[in-house]
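Each remark here refers to the structure printed beneath this line.
Whatever order the structure lists them in is the order used to number ligands and atoms, beginning at 1. Just so we're clear, the structure is a prediction, and the values are computed from it rather than from any experiment.
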Amino acid sequence: MKINIIGGGPAGLYFAILMKKANAARRIKIHERNGPDDTFGWGVVFSGKTLANLRAADADSHAEITKQFEAWDNVDVVHRDAKISIHGNSFSGIARLQLLKILQRRAGELGVEIEYRSEIQDVESLKNNCDLLLAADGVNSTVRLRYAEQFQPELDVRTNRYIWYGTNQLFHGLTLTFRENDAGVFAAHSYKFNSSTSTFIVECDPNTWEEAGFAQLGDEQTREYLGNVFAADLNGHPLLSNNSKWINFLLVKNKNWFFENVVLIGDALHTAHFSIGSGTKLAMEDAIALAEAFQERTGVDEALTNFTSKRRPVIQDYQAAAFESMVWFENAGKYMHLSPVEIAYNLMTRSGRVSYEDLKRRDPQFINQYELGKSV
Ligand SMILES: Cc1cc2nc3c(=O)[nH]c(=O)nc-3n(C[C@H](O)[C@H](O)[C@H](O)COP(=O)(O)OP(=O)(O)OC[C@H]3O[C@@H](n4cnc5c(N)ncnc54)[C@H](O)[C@@H]3O)c2cc1C
């Protein structure tokens, strides 16, 4: 079987690893437009459950990934200078670059061919030259655009703006911080992903963005502005840029997940707002589900049909929860009148997937605090 893959991100690399591991005779080639050390972004997070899935799928890469991990079990909510911690939420972080290096190495060991600095524009000839073409080419997928008629994508550009930074201030837990100034409300999503660095994503609504005058500010001025907004949280550490730019979140769905021998996975197929967990987790779990479909079915068409029918309900559920969470952050201004403990409770239950009872079981102390101190 010959497999061509466009995109050497987590989805493309992990699928290649799993398919080659299952059958060494498969000829698998990844085309990646960047070099092996070029990357964007800072840390990525995985839940305890995702880690168990990664261990079951490939113990070797799981062992490497977990060696590099920073783990925590708390969500911290910071509002009006008070920090509320909610325990019982197991997560771990790793640098995206570290993760990609581990997956690149593992794919290489197994005999997957990776061609770097190979940007694919002629998708059709790659499609005609293999049994399976995997489109793992990210949120702005060329393949999805090329075959838009077949995939029928639904693209929804959301109004909030967000920007990914790093910082050497360490946030020991998934920390959600709210700060207000004359322009409006800013939310930061932060967590450490190695012993010296945290991811720090800032999000705000379009009015706040306009009022703050970001359209006129360059990279350094923007970091300085946001550094002042979050001065109490950053403890003197600057925000670090990695070609960081303001982005509108793009919500991606596709009516059809495959046609003929072409299938979409990862961000090319679907996105889920970063406030509920990383796209990396979904991308790698897609790869697991698709590789499993090829274990169970021999024909490409059968395997792709099987993948779609099994994975679609999982993704729909996940996107529905992520949607509620995204809308919460789009309307963050409406919740600023709440006390810190109330906002923490509201945030924890925002997606409708975590109940009062769940929280009571995970962290009874937090629920006591909530019951006693709704007016803190
Ligand atoms: C600016 C930014 C920063 C981010 N930072 C983080 C972060 O810190 N943590 C986190 O969890 N998530 C982050 N994300 C989200 C994350 O990138 C995705 O959810 C996740 O990586 C999805 O994996 P993927 O393999 O589907 O896609 P990607 O990781 O996007 O990988 C797609 C790959 O395809 C390659 N590619 C695209 N088109 C072509 C082409 N025509 N030919 C050849 N190669 C091509 C790209 O270079 C890329 O390597 C970030 C997203 C953005 C836009």
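Counting atoms of ligand 1 from 1 in the listed order, those under 4.0 Å from a heavy atom of Gly138 are 27 (O), 30 (O), 32 (C). Remark: ligand 1 atoms within the under-4.0 Å shell around heavy atoms of Val44 are 9 (N), 10 (C), 11 (O). Near Gly43, the atoms of ligand 1 lying under 4.0 angstrom from a non-hydrogen atom of the residue are 7 (C), 8 (O), 9 (N), 10 (C). The contact set between ligand 1 and Gly266, taken as ligand atoms under 4.0 Å from a residue heavy atom, comprises 26 (O). Near Pro10, the atoms of ligand 1 lying under 4.0 angstrom from a non-hydrogen atom of the residue are 21 (O), 23 (O), 25 (O), 29 (O). Shown in contact with Ala283 at under 4.0 Å from a heavy atom are these atoms of ligand 1, numbered in order with element: 22 (C), 23 (O), 26 (O). For ligand 1, the atoms lying closer than 4.0 Å to a non-hydrogen atom of Thr142 are 41 (N).
Residues Asn129 and Lys2 form a side-chain contact, since some pair of their non-hydrogen atoms from C-beta on lies under 4.5 Å apart. For the pair Met1 and Arg26, the minimum side-chain heavy-atom distance is below 4.5 Å. When side chains are defined from C-beta on, Ser325 does not count as touching Val327, because their heavy atoms never get closer than 4.5 Å.
In this structure, Ile247 counts as a contact residue of ligand 1, since one of its heavy atoms falls inside 4.0 Å of the ligand. Note on ligand 1: Ser244 sits outside its first shell, no heavy atom being nearer than 4.0 Å.
A side-chain hydrogen bond (donor to acceptor under 3.5 Å, both in side chains) with Tyr147 is found for one member of Glu124, Lys127, Glu260 and no other, namely Glu124. Each of Asn4, Val262, Val300 was compared with Leu132 under the side-chain contact (heavy atoms from CB on, under 4.5 Å) criterion, and only Val300 meets it.
Using the six-membered ring where Trp is involved, Phe329 and His189 have ring planes that are tilted, between 30° and 60° apart.
Between Glu32, Glu119, Arg96, it is Arg96 that holds the heavy atom closest to atom 17 (O) of ligand 1. When the options Trp42, Tyr116, Trp164 are ranked by their closest heavy atom to atom 12 (N) of ligand 1, first place goes to Trp164. Around atom 32 (C) of ligand 1, the closest heavy atom drawn from Gly8, Ala135, Ala136 belongs to Ala136.
Here His31 has backbone heavy atoms under 4.0 Å from ligand 1, and that is the only part of it that gets that close. Contacts between Ser118 and ligand 1, counted as non-hydrogen atom pairs separated by less than 4.0 Å, involve the backbone only.
Proximity of a side-chain donor or acceptor of Thr271 to a complementary backbone N or O of Asp267 within less than 3.5 Å is not detected. A donor-acceptor contact shorter than 3.5 Å is absent between the side chain of Thr308 and the backbone of Asn306.
Residue contacts with ligand 1: Thr199 is placed with no nitrogen or oxygen under 3.5 Å of a nitrogen or oxygen of the ligand (distance criterion only). Some N or O of Asp267 is nearer than 3.5 Å to an N or O of ligand 1, by distance alone. Close N/O approach between Ile265 and ligand 1 is not found [any backbone or side-chain N/O within under 3.5 Å]. The shortest N or O to N or O distance between Ala11 and ligand 1 is under 3.5 Å.
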Donor-acceptor pairs under 3.5 angstrom involving side-chain atoms of residues 135-144: please list them, not counting sequence neighbours.
residue : atom : partner : partner atom : Å
Asp137  : OD1  : Ser141  : OG           : 2.6
Asp137  : OD2  : Ser141  : OG           : 3.2
Asp137  : OD2  : Thr142  : N            : 3.0
Asp137  : OD2  : Val143  : N            : 3.1
Ser141  : OG   : Val143  : N            : 3.3
Ser141  : OG   : Arg144  : N            : 2.9
Arg144  : NH1  : Val139  : O            : 3.1
Arg144  : NH1  : Ala268  : O            : 2.9
Arg144  : NH2  : Val139  : O            : 2.7

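Atom CD in Gln169 sits 8.5 Å away from atom OG in Ser190 (nearest 0.5 Å).
Under a 4.5 Å side-chain heavy-atom cut-off, the cluster of Ile, Leu, Val, Met, Phe, Trp and Tyr residues that includes Val202 is completed by Ile163, Tyr165, Phe171, Phe186, Phe200, Trp209, Phe214, Leu217, Tyr225, Leu226, Val229, Phe230, Leu234, Leu239, Trp246.
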